[in-house]
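What follows is one structure encoded as structure tokens, with my remarks underneath.
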Amino acid sequence: WDRVAAVAGMLFVVVLVVAQYVAPAPVYPVEQVGGLTASFYVNYEGRLLTEAILAGVASMLFLVFLGGLWAFLARAEGQPPRLAPVVVAAGAVATGLVLLQAAILTALITLQGNELGVRAQGSSWAARALFYLHGAVGDLALFPFAVFLAAAAAVVLRTGVLARWLGWVGVAFGLLVGMLAVGLIVGLDIGPADQVVFLLVAAWLAVLAFGVGWPLPAATGRADRALD
């Protein structure tokens, strides 16, 4: 089961990265006067819907990985596990918020399409509300995700079940993602920093997933002792 979870985790990272870049970032909805001028959401409907679908697929893969990661970390901690439940709870909350964000994006695309077809004229206020809600939910999802990263990394450091450098890097990423979430909420100009952090954290998750199924050579002995 550990290797099934590991494969799911690595596939999750691949799907997540593709979902992040398959479509442009959502833009502020414009008024579609008379239902004649196609907006950004109509022009990029296919790619945006693909992003939403991939977010759903990534969520399924992540939940499989999360179940295996919880079992792996709980065995390492022993009875009763203290941080493994925090890892699974934070991961589940973050997943739920990502799915909610994808649902909001789908609703926004549908609303803009209906407006173009003169079936929802005067709904620009609703589209703008969905746009802001989409961004806010995505920003808030970073808080439980930061807890997930930090808690998983803390178990690695406490038990030595995987290479300790992986734990230290994970703790740093947890703090970084938490600070990034605060910055986005208060409206700081983050620039391209969020994309750099996203790719680095994705790489860390891929290494973590690989380590669950195939412990890194430096940690193999420690993993065996921790799981005994």
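Everything numeric in this text was worked out from a predicted model, so none of it was measured.
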Item to check | Hydrophobic cluster membership, Trp165 vs Leu157, 4.5 Å side-chain cutoff | outcome: no
Next on the checklist: Here's a test for you: under side-chain contact (heavy atoms from CB on, under 4.5 Å), which of Val15, Leu11, Leu16 qualifies with Val57?
Outcome noted: Val15
Next on the checklist: If you define the side chain from C-beta out and look only at heavy atoms, does anything of Phe145 sit under 4.5 Å from Leu149?
Outcome noted: yes
Checklist entry - Side-chain heavy atoms under 4.5 angstrom apart, residues restricted to Ile, Leu, Val, Met, Phe, Trp, Tyr: same cluster for Leu63 and Val7? => result yes
Next on the checklist: Check for me, please, whether Leu175 and Val169 land in the same ILVMFWY cluster - side-chain distances under 4.5 Å, paths through other members count.
Outcome noted: no
Item to check | Test item: Leu73 and Pro81 side chains (from C-beta on) under 4.5 Å apart, heavy atoms | outcome: no
Checklist entry - Is any side-chain heavy atom of Leu176 less than 4.5 Å from a side-chain heavy atom of Met179? => result yes
Checklist entry - At their closest point, which heavy atom of Gly178 faces which heavy atom of Ala146, and how far apart are they? => result N-CB, 3.6 Å
Next on the checklist: For residues 147-160, which residue pairs pass the salt bridge (charged side-chain N to carboxylate O under 4.0 Å, His left out) check, not counting sequence neighbours?
Outcome noted: Glu77-Arg158
Item to check | Nearest-0.5 Å distance, CG of residue Leu49 to CG of residue Leu54 | outcome: 11.0 Å
Checklist entry - Ala151: what forms a side chain to side chain contact (heavy atoms under 4.5 Å, CB included) with it, not counting sequence neighbours? => result Val86, Val87
Checklist entry - Considering all heavy atoms of both residues, which atom of Pro144 and which atom of Ala90 are nearest to each other, and what is their separation? => result O-CB, 3.3 Å
Checklist outcome for this item: When every non-hydrogen atom of Gln112 is compared with those of Ala127, the smallest separation belongs to NE2-CB, 3.6 Å
Checklist outcome for this item: Rounded to the nearest 0.5 angstrom, the CD1-OH distance for Ile109 and Tyr44 is 13.0 Å
Checklist entry - Any side-chain heavy-atom pair from Leu162 and Phe72 closer than 4.5 angstrom? => result yes
Item to check | Crowding at CZ, Arg47 (>12 non-hydrogen neighbours, <6.0 Å) | outcome: yes
Next on the checklist: Using the side chain to side chain contact (heavy atoms under 4.5 Å, CB included) criterion, which residues pair with Leu184? Sequence neighbours excluded.
Outcome noted: Asp139, Leu142, Leu180, Ile190
Checklist entry - Closest approach of Pro24 and Glu51, non-hydrogen atoms and distance? => result O-OE1, 4.4 Å
Next on the checklist: Does anything in residues 56-71 form a salt bridge (charged side-chain N to carboxylate O under 4.0 Å, His left out)? List the pairs, not counting sequence neighbours.
Outcome noted: none
Item to check | Side chain to side chain, Asp2 and Arg75, heavy atoms closer than 4.5 Å | outcome: yes
Checklist entry - What are the two closest non-hydrogen atoms of Thr106 and Ala52, and how far apart are they? => result OG1-CB, 3.6 Å
What side-chain donor-acceptor pairs closer than 3.5 Å can you find for residues 194-212, not counting sequence neighbours?
{"residue": "Gln195", "atom": "OE1", "partner": "Gln20", "partner atom": "NE2", "Å": "3.4"}
{"residue": "Gln195", "atom": "OE1", "partner": "Tyr21", "partner atom": "OH", "Å": "2.7"}
{"residue": "Trp204", "atom": "NE1", "partner": "Leu166", "partner atom": "O", "Å": "2.9"}

Next on the checklist: Can you tell me which residue among Val93, Val182, Val177 is in a side-chain contact (heavy atoms from CB on, under 4.5 Å) with Phe143?
Outcome noted: Val182
Checklist entry - Which pairs with one or both residues in residues 79-99 pass ring-ring contact (aromatic ring centres under 6.0 Å, His included), sequence neighbours excluded? => result none
Next on the checklist: Once ring pair (Phe, Tyr, Trp, His ring centres under 6.0 Å) is applied, do any residues pair with Phe62, and if so which ones, sequence neighbours excluded?
Outcome noted: Phe12, Phe148
Checklist entry - What residues, two or more places apart in sequence or in another chain, satisfy ring pair (Phe, Tyr, Trp, His ring centres under 6.0 Å) together with Phe131? => result Tyr28
Checklist entry - What heavy-atom pair brings Val155 and Ala84 nearest, and what distance separates the two atoms? => result CG2-N, 4.4 Å
Checklist entry - Any link between Val171 and Phe173 through a network of hydrophobic side chains (Ile, Leu, Val, Met, Phe, Trp, Tyr) touching at under 4.5 Å? => result no
Donor-acceptor pairs under 3.5 Å, side chain of residues 94-102 to any protein atom, not counting sequence neighbours: which ones?
{"residue": "Thr95", "atom": "OG1", "partner": "Gly91", "partner atom": "O", "Å": "2.8"}
{"residue": "Gln101", "atom": "NE2", "partner": "His134", "partner atom": "O", "Å": "3.0"}

Item to check | Hphob cluster co-occupancy, Phe40 + Leu130, side-chain heavy atoms under 4.5 angstrom | outcome: yes
Next on the checklist: Test of understanding: with side chain to side chain contact (heavy atoms under 4.5 Å, CB included), list the residues that count as partners of Arg3, not counting sequence neighbours.
Outcome noted: Trp214
Item to check | Test side chain to side chain contact (heavy atoms under 4.5 Å, CB included) applied to Ala154 - qualifying residues, sequence neighbours left out | outcome: Leu83
